[in-house]
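Here is the structure we will look at, set down as structure tokens.
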There are 2 protein chains.
Amino acid sequence: METEDRLLTPGEVASLFRVDPKTVTRWAAAGRIGSIRTPGGHRRFRESEVRALLEGDAEAQTGFEAGHSTH
Amino acid sequence: METEDRLLTPGEVASLFRVDPKTVTRWAAAGRIGSIRTPGGHRRFRESEVRALLEGDAEAQTGFEAGHSTH
DNA sequence: AAAGAGTAGGGTAATTGGGGCT
DNA sequence: TCTGTCCCAATTACCCTACTCT
């Protein structure tokens, strides 16, 4: 019942979103995206979650405040 | 609590964390993760410990529902 | 006994984490 | 407020050859 989806590295997620890996790190630190940490401290992201975010699944997304237009 | 004695290979643990098998070996050498050595010198890892490490770290993350904070 | 896949070990390059700043 | 870039330190990835496991 567990979703064994693949994990993505910060760099891969950054490429998917076309942003700097540092930005992905900030998202994780802010709790906007779930993250798994390796014993070494590096982050890994669930592909399914990233996909959902990329798909524009804004229905159940956070940070969707009052009509805040995109930057 | 029973001890999950199922042992995982470095490659399996590496797949779970999305890292290189050599990195898992490094974790064991650094004492970050418990390891059992075969008479031949190969390492084996306890699944229960690996699972704990994978889920042990979870900051605020999405997936539950939209946390509508009036922020 | 032989073969293939996986693993150990060492060394070097690339990526990542964290803080601070343009 | 959010993102990109610079710094340095730590972690991780890929190269090789030799040994172990099935």
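By convention in this document, chain letters (A, B, ...) are assigned in the order of the sequence lines, proteins followed by strands, and residues within each chain are numbered from 1. No hydrogens, no waters, no symmetry mates; every other heavy atom, side chains included, goes into these values.
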Quiz item: Would a 4.5 Å heavy-atom cut-off, applied to side chains only, mark B/His42 and B/Pro10 as touching?
Solution: no
Quiz item: Is there a side-chain contact between B/Arg44 and B/Thr9 (heavy atoms, below 4.5 Å)?
Solution: yes
Please report the interatomic distance [atom1]([X]) to [atom2]([Y]), rounded to the nearest 0.5 Å.
X: A/Glu49; Y: A/Leu54; atom1: CD; atom2: CG; value: 11.0 Å
X: B/Thr38; Y: B/Leu7; atom1: OG1; atom2: CG; value: 10.5 Å
X: A/Arg6; Y: A/Arg46; atom1: CZ; atom2: CZ; value: 13.0 Å
X: B/Ser35; Y: B/Leu8; atom1: OG; atom2: CG; value: 12.5 Å

Quiz item: Considering only heavy atoms, which members of residues 28-43 of chain B lie under 4.0 Å from some atom of DNA chain C?
Solution: B/Arg37, B/Gly41, B/His42, B/Arg43
Exercise. Compute the bend angle of the helix from C/dA3-D/dT22 to C/dG19-D/dC6 from the end axes (five pairs per end), rounded to 10°.
Key: 60°
Exercise. Considering only NZ, NE, NH1 and NH2 on the basic side and carboxylate oxygens on the acidic side, decide whether B/Arg18 and A/Glu12 come within less than 4.0 Å.
Key: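 A/Glu12 and B/Arg18: salt-bridged.
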Quiz item: Can A/Arg51 and A/Glu47 be counted as an ion pair, charged N to O under 4.0 angstrom?
Solution: yes
Self-check item: Whole-Å gap separating C1' (C/dT7) and CZ (B/Phe45)
Solution: 10 Å
Self-check item: Atom pair distance, as rounded to whole Å: CH2 in B/Trp27 and P in D/dA10
Solution: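 So the CH2-P distance, B/Trp27 to D/dA10, works out to 19 Å.
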Using a cutoff of under 3.5 Å, can you pull out all pairs of nitrogen or oxygen atoms linking the protein to nucleotides 13-15 of chain D, with atom names and distances?
residue	atom	partner	partner atom	Å
D/dA13	OP1	B/Asp20	N	3.4
D/dA13	OP2	B/Asp20	N	2.7
D/dA13	OP2	B/Thr23	OG1	2.4

Self-check item: Candidate list B/Ile36, B/Leu16, B/Leu53, B/Val50, test side chain to side chain contact (heavy atoms under 4.5 Å, CB included), partner B/Phe45, passing option
Solution: B/Val50
Practice problem: Show your working on side chain to side chain contact (heavy atoms under 4.5 Å, CB included) between B/Phe17 and B/Val24 and close with a plain yes or no. | Solution: CA-CA 9 Å; B/Phe17 279 96; B/Val24 179; 5.8 Å; no
